[in-house]
Structures are given as C-alpha cells and as structure tokens.
Amino acid sequence: MNNRRKLVIALGAGALTAPLCSLAQPQPARTFRLGILVAGDLGTSETYFRAFFESLASFGYVEGKNLLVERRFADGRIDRLDVLAAELVAAKVDIIYAPPPPAALAAMKRSTTIPIVFSVSADPDGSGLVQSLARPGGNVTGLSTLGSGLVPKRVELIRELVPNARRIGLLYDSREPAARISRDSAVGAAKLLGLSIVEENVNLRDQLPAAFAALKKKGAHMLLVFEGSLGIINRDLVLSLAAAHRLPVLYPYPEFPAAGGLMSYSTNIVEQYRRAAVFVDKIFKGAKPSDLPVEQPTRLELIVNMKTAKALGLTFPQAILMRADKVIE
C-alpha cells in the first residue's frame with residue numbers, strides 16, 4: 001500500500017479517534033457525500049484534516065458509515081483546481097469543503113448551488129468569496145483567518161525585532177487574491193514606519209531559491225511571507241532558504257516556527273479546520289450557507305523561536321516575549 005493511500009485512510013480513520021462522548025451523538029439518518037478540494041498536497045494537510053474529521057465525528061459523521069468522502073488534491077498546482085472542482089460537481093457531492101481561497105473560488109466557478117465551505121481565507125469578502133462577512137450571500141461561507149488584517153501588526157513585530165532595518169521584503173503568490181490584498185496592506189504599513197519595500201512574486205517551487213537570492217541582493221533586512229498554498233507545501237524549502245540567506249522572517253502559520261522558523265503571528269489553523277466541521281454539520285442539517293455568517297477568530301497566536309533568533313544573532317525584546325503565546329527554546 002503506497003504512502004498516499006495510507007494517509008487517505010488515516011485521515012478518514014482519524015474521525016474514529018474522537019472523544020468517547022461523541023459516541024452519544026445522534027447518528028445522521030442518511031448517508032452524506034462530502035467533497036474535499038485542496039490546493040496543496042495530502043502530506044502537508046494531514047494534521048489539519050485529522051482535526052476536521054475528528055470534529056465531524058463528534059457530530060456523528062463517520063466515513064464509511066454515514067459519510068462518503070471524495071478527495072481532490074491539486075498538489076500545489078492551482079491551475080488544476082478547476083478540473084478537480086468539476087470532478088466533485090460531477091460526483092454530486094452534498095457539500096464541497098475547500099479550505100483555501102483558490103480552491104473555494106474554483107468550486108464557485110463550477111457550481112452556484114452546491115454549498116461550499118472554506119476555512120483559511122485571509123480576506124473572504126475582498127477575495128470575492130462572499131458578499132459580506134455578516135451576509136455571505138450565494139452558496140459559500142466559512143471561516144476567516146484575518147490574514148490581511150494582521151499584516152500591519154506583523155510589520156510592526158518584525159520591525160520591533162530588527163529595529164535598525166530599513167528595507168522589508170515581501171514574498172507572495174499573486175495568483176491568490178488574499179495574497180495580493182496582504183501585499184498592498186504591507187506596503188501601506190511599511191511606509192508608515194519609514195520602511196522601503198522589495199518584493200518577489202513566486203508561483204512555483206522552482207522559483208523560490210531565485211526569489212530569496214533576489215530579495216537578499218535587493219537589500220532586504222527582514223521578510224514577510226504571506227498566506228498561500230505555495231508556502232505551506234514548500235515549508236521546509238522556505239525555512240532552509242531563510243536560514244541560508246540569514247533573513248529574519250515572520251510567517252503566516254504557526255507550523256513554521258514549530259519547524260525552525262523565526263516567528264509567526266496568526267490564527268490557529270488546526271482550530272480553523274476543526275471549526276469548519278461545525279459549518280458542514282449545520283449545512284447537512286438544512287442550513288443555507290447564505291444564512292451562516294463568516295466566522296472570525298477570537299484568538300490570535302504569537303509564536304517565537306529563541307533558537308532560530310540566536311542563530312541569526314538576534315535577541316527578542318522583552319516586550320515581544322511577554323506577548324508571546326508560545327516560546328520555543
């Protein structure tokens with residue numbers, strides 16, 4: 001059995017590891033068909049989907065019993081999302097769970113009737129996923145990460161760590177609408193702090209080494225990496241390039257500092273996936289996406305990695321350490 005199939009089975013089986021109290025939940029009377037559309041790959045999504053399926057199990061949905069799951073992974077090739085979305089529509093799924101904006105937008109293009117749930121959109125209304133957060137309209141709803149809204153604070157944090165910096169680098173994938181919005185927000189925030197901007201737009205893994213080299217050559221003293229499938233899929237490469245070029249980087253996901261990155265300021269992505277199951281359950285039970293307001297996070301996490309800071313010759317100011325939710329030694 002190959003690794004990909006093992007992971008697929010593990011993700012479904014993860015629902016069986018939910019707390020015992022979930023066994024007392026009423027079992028849905030019918031079998032539902034759930035479509036999953038992901039811009040990334042199976043391996044980097046495993047932890048997230050384990051939380052999602054465990055949460056679904058707490059509502060009584062168990063794959064192979066009363067839940068059929070159609071999975072589609074684009075493996076970082078956003079251009080494939082349209083075809084994969086069409087496959088899910090043809091499979092007549094009851095809901096399409098498309099966590100990132102590119103996947104949700106692809107699903108929207110293929111269906112205006114099948115409910116679509118997203119969970120990691122940095123700017124749902126700005127990206128065109130919903131009409132407004134309070135009244136989504138149409139057949140799409142889900143959870144926001146506040147990504148673009150967090151950008152000014154991210155600029156402040158990285159500047160606080162590197163106070164003598166005069167030039168900030170931006171790394172993003174312009175194919176993702178939220179990344180373009182975040183980029184504009186960063187430019188505005190940087191100007192207020194008297195920082196100049198250098199930037200690189202990267203769409204493919206093979207472009208990452210050249211992008212880091214270009215940012216360093218342009219004189220970037222620090223770097224912001226924005227939300228997007230390209231970064232999370234290629235996390236290890238991004239981290240190694242940041243280390244090789246000795247660039248202080250603030251990341252958009254907590255998984256980065258946990259794996260050796262310098263710091264992150266974001267929502268808890270695992271919790272976002274877990275909460276997405278609440279939307280799926282409500283829709284399975286008859287709710288309309290247009291009647292379910294987009295949920296925004298109530299808690300943000302600042303995570304810092306002391307070991308990485310030391311390797312870069314940096315010391316976190318006491319003010320940052322006091323605000324940090326987690327300090328990795």
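Just so you know, residue 1 is the first one in the sequence shown, and it goes up from there. This structure is a prediction, so every number in the text was calculated from the model and none was measured.
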Quiz prompt | Crowding at CZ, R323 (>12 non-hydrogen neighbours, <6.0 Å) | solution = yes

Practice problem: Any pair with a residue in residues 176-229 that passes ring pair (Phe, Tyr, Trp, His ring centres under 6.0 Å), sequence neighbours left out, goes on the list, sorted by first then second residue, please. | Solution: none

Quiz item: Does NZ in K216 sit with more than 12 non-hydrogen atoms of other residues, nucleotides or ligands closer than 6.0 Å?
Solution: yes

Exercise. Evaluate the criterion ring-ring contact (aromatic ring centres under 6.0 Å, His included) for residue pair Y273 and F52; output intermediate values, then yes/no.
Key: CA-CA 5 Å; Y273 274 70; F52 172 73; 7.3 Å; no

Exercise. Using the salt bridge (charged side-chain N to carboxylate O under 4.0 Å, His left out) rule, take E271 and R275 through it: C-alpha gap first, then chi angles, then the decisive distance, then the call.
Key: CA-CA 6 Å; E271 184 61 25; R275 289 291 304 166; 5.2 Å; no

Exercise. Rounded to the nearest 0.5 Å, what's the gap from CD on E160 to CG on L250? Could you check?
Key: 11.5 Å

Quiz item: With sequence neighbours left out, what residues match R183 under salt bridge (charged side-chain N to carboxylate O under 4.0 Å, His left out)?
Solution: E199

Quiz item: Can you check salt bridge (charged side-chain N to carboxylate O under 4.0 Å, His left out) on K65 and E63, steps first, answer last?
Solution: CA-CA 5 Å; K65 184 174 182 181; E63 184 174 3; over 6 Å; no

Practice problem: Give a yes or no on whether L224 and F256 share a hydrophobic cluster (residues Ile, Leu, Val, Met, Phe, Trp, Tyr; joining criterion: side-chain heavy atoms under 4.5 Å apart). | Solution: no

Practice problem: Work out which heavy atom in Q272 is nearest to a heavy atom in S119; give both atom names and the distance. | Solution: NE2-O, 2.9 Å

Self-check item: Closest heavy-atom pair and its distance - A186, L170
Solution: CB-CD2, 3.9 Å

Quiz item: Using 4.0 Å as the upper bound for N to carboxylate O, is an ion pair formed by R175 and D173?
Solution: yes

Practice problem: Take E87 and R71, measure what salt bridge (charged side-chain N to carboxylate O under 4.0 Å, His left out) needs, and give me the verdict at the end. | Solution: CA-CA 10 Å; E87 291 178 5; R71 296 173 174 84; over 6 Å; no

Quiz item: In Å, rounded to the nearest 0.5 Å, how long is the span from OG of S148 to CD1 of I181?
Solution: 6.0 Å

Exercise. Report the distance from atom OG of S266 to atom NZ of K153, rounding to the nearest 0.5 Å.
Key: 14.5 Å

Quiz item: How about K218: does its NZ atom have over 12 heavy atoms from other parts shown lying under 6.0 Å from it?
Solution: yes

Quiz item: CG of D94 to CG of L34: how many Å apart, nearest 0.5 Å?
Solution: 8.5 Å

Quiz prompt | Separation between CZ of F32 and CG of N66, rounded to the nearest 0.5 Å | solution = 8.0 Å

Please list, one pair per line, the donor and acceptor atoms closer than 3.5 Å that link side chains of residues 297-305 to other protein atoms, with sequence neighbours excluded.
unit_1 : atom_1 : unit_2 : atom_2 : d
R299   : NH1    : E301   : OE2    : 3.0
E301   : OE2    : N268   : ND2    : 3.4
N305   : OD1    : K307   : N      : 3.1
N305   : OD1    : T308   : N      : 3.0
N305   : OD1    : T308   : OG1    : 3.2
N305   : ND2    : P257   : O      : 3.0

Self-check item: Lys/Arg N to Asp/Glu carboxylate O, R110 vs D82, below 4.0 Å
Solution: yes

Quiz prompt | Intermediate values then yes/no, salt bridge (charged side-chain N to carboxylate O under 4.0 Å, His left out), D281 and K285 | solution = CA-CA 6 Å; D281 173 59; K285 290 175 178 174; 3.2 Å; yes

Exercise. Hey, could you give me the OG1/CD1 distance between T112 and I116, rounded to the nearest 0.5 Å?
Key: 9.0 Å

Quiz item: Taking atom types as modelled, is there a side-chain donor on Y251 or E227 under 3.5 Å from an acceptor on the other?
Solution: no

Exercise. Anything under 30° is parallel, anything over 60° is perpendicular, the rest tilted; go ahead and classify F53 against F49.
Key: tilted

